[in-house]
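A short worksheet on the structure shown next.
Below, each value reflects all heavy atoms present in this structure, side chains not excepted, and no hydrogens, waters or symmetry copies. Reminder, nothing fancy here: chain letters follow the sequence lines and each chain counts from 1.
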There are 2 protein chains.
Amino acid sequence: MTLDERKKLILESIIRDYVETAEPVGSRAVVKKHGLKISAATVRNEMSDLEDMGYLEQPYTSAGRIPSQKGFRYYVDCMMEQENLDDNETEVLLHLLDDSFHEVNELVQKIGHFLAQTTKYTSFVIVPSVRLSKFKYLQLIPIEPGKALVLLVTDLGVVMHRNIEVPQSITASELELIGHMFNQVLAGKKIIEIQRSDLQQLRDELKQRRKVIDRALEAIESLLDNSNEERVIISGALNIMNEPEFKDVDKLRRILAFLEEETQLMDMLPESLGDEVDIRIGRENQAEDFKEMSLVFAGYQTQGEQGKMGLMGPVRMEYWKAVGSLDSVREIIEEIIRKRF
Amino acid sequence: MTLDERKKLILESIIRDYVETAEPVGSRAVVKKHGLKISAATVRNEMSDLEDMGYLEQPYTSAGRIPSQKGFRYYVDCMMEQENLDDNETEVLLHLLDDSFHEVNELVQKIGHFLAQTTKYTSFVIVPSVRLSKFKYLQLIPIEPGKALVLLVTDLGVVMHRNIEVPQSITASELELIGHMFNQVLAGKKIIEIQRSDLQQLRDELKQRRKVIDRALEAIESLLDNSNEERVIISGALNIMNEPEFKDVDKLRRILAFLEEETQLMDMLPESLGDEVDIRIGRENQAEDFKEMSLVFAGYQTQGEQGKMGLMGPVRMEYWKAVGSLDSVREIIEEIIRKRF
DNA sequence: GATTAGCACTCAATGCGAGAGAGTGCTAAC
DNA sequence: GTTAGCACTCTCTCGCATTGAGTGCTAATC
């Protein structure tokens, strides 16, 4: 269904106004705001049409109109032009990332912070799991008599470690040898591919140092389990409190509680994302507590796997800004990841 | 100033009631609740006295009384008996900590979570900086041509690491040797004592591998800088939303924003804590945004330094429970840290 | 046929006043 | 010193009238 130009203009005008003020928009306001050459009465007729079509709704008889979720959907699909980061904002982001960061996690933290700050919405960034990273390096390091450190490094430079207990009697060179054998078996495998069978093979090969091996294997298994988890970093959750639609403490609590459960957020996102920035408006979200929120999200590519990031706000959201920001940020961080890792 | 028994009884009765209901307490309610043998009129006279003394206040003429902050202070100082964790709760905590945890950070996370959950307040736990830990072990690990990992372990088992770039030509045994020399210079020193002069000494001793050394030293310096930071872990911030005094979104925002700035919280606490659980009621807190909140906090000893933990809630707080919980938890975790690290 | 001016109508929001209810403070009796 | 009784105070709630923004309809106009 396509709208004629005047209806589009009116719809856009109402959306812009409503997004800004959170108040129903009246016919006179539409005329004034855009300096239209038509009268309020004409606008009223058009608004009535738009309401019949489902793009607008009235909170109550004889109030102004507000865009329906369908109206927002039409707008973002057919009319919206995204608004990328301006030079100033880009500058800020680049400067932020210029400061030394030593891990992907730090990078992601900063990105999330930036997104939340520039858009005034709540941001999330998901660090991809290391499942698809490759095993690169393992070492058993004697720390003190009876204690050693299992150190595991992936090809993306992610370092994982865990303390284990070992017999007092074991020597540094023995530990080194054991580490060496681990390396041989596991070298170059994708983390996700490291099977229990590989670990069993090691168990068999190194019978004489059973205890150390067992402890080390336990440590590795536990590290691998952990590594399956994607990490979610949420920033600017309190921005939600600025939105008048959440001045009700109860609604607010539901949303914030929802955000605390990071898995719930992840469950709402598709497994894998394309190149487009994606939008979920209000009831399009599955989660009950999120039916009054909108979600704008995009993927970003690391070498191995896809990370995800996005912005959350009320349905009455500046989609143009959210989409543009994500698009710009994606480009910038993909560039950085390509260079640095 | 000491109160006679009957006044104490009435004050306590009002505090208990008010803490539970958040409503002003009337004279009849006091009589009923405690099945007192005196009439409401008598209680009224006593309440009037208590108000004159500053322990009670009236929201408006002819409403019931609520305890003043001074009233709470008197109560916690002179009358309160702390209420430690019961067997059930202790069980839960021990069970929670029985599950494997691999780092002090994980331990602390769980403690914070537990405190928030059992008390329904907001908890914080501060992990002491590793400044007073001793340097235990350092190794340079070749990861791939041109890249190495600087690994630093303290006596508390805290592992820090950082990637550095090294010349392509360097061999594993050279790296090992360099690491060895680092160890000799730094061995057993407290992190805080490692001076630039030590690092300079290393720089001099290892002239021929200038580049590697410089990189490694930079990495170490940056790790040490980081390690000066105390980490604050806050749990159950949303519990604040359940308190009727914060049903106003604006107040709520101020509090939550305050909590987001972790340093602000740390600034409110004394440098070092004694054995007692400490209480700050309402206006006793310096921070402007915290004048309607109370803070209950205690220190816990690790080998090296003192950690801190506490609970935050409205002035109308179950201090007996908060103090008791912290006291119990402190005992338990000090025991665990003694055993495990 | 589309547009517009005019006007009656609707409904949330605001303000006001009466009534209810909880609780006090005072007085006088015990 | 304690208590019963009672007038008084103040909040809270409800209903009702008022206000004002904004609509929908009708009839006139372009």
Contact span of DNA chain D against chain A, any nucleotide atom under 4.0 Å from a heavy atom, 5' to 3', runs D:dG22 to D:dG24
| request: Kindly assign one of parallel, tilted or perpendicular to the pair B:Tyr75 and B:Trp320, based on the angle between their ring planes and the thresholds 30° and 60°. | output: perpendicular
- Does some side-chain heavy atom of B:Phe124 sit less than 4.5 Å from a side-chain heavy atom of B:Glu262? no
In whole angstroms, the gap separating P of C:dA5 from CG of A:Asn45 amounts to 13 Å
Taken to the nearest whole Å, CD/B:Glu23 to P/C:dA22 is 12 Å
In B/S/- notation (B base, S sugar-phosphate only, - none; protein heavy atoms under 4.0 Å), nucleotides 10-21 of chain C written 5' to 3' is BSS---------
Inset, instruction - Identify whether the distance between the nearest side-chain nitrogen and carboxylate oxygen of A:Glu243 and A:Lys251 falls below 4.0 Å. - result: no
Test side chain to side chain contact (heavy atoms under 4.5 Å, CB included), reference B:Ser294, set B:Ile279, B:Val76, B:Leu311, B:Val315, output is B:Val315
Given the options A:Thr118, A:Leu93, A:Thr90, A:Val329 meets side chain to side chain contact (heavy atoms under 4.5 Å, CB included) only with A:Leu93
Counting heavy atoms not belonging to B:Lys120, are there more than 12 under 6.0 Å from its NZ?
no
Handout entry: CG (A:Asp250) with more than 12 external heavy atoms under 6.0 Å
Key = yes
The complete set of salt bridge (Lys or Arg N to Asp or Glu O under 4.0 Å) pairs with one or both residues in residues 31-44 of chain A, sequence neighbours excluded, reads A:Asp17-A:Lys33
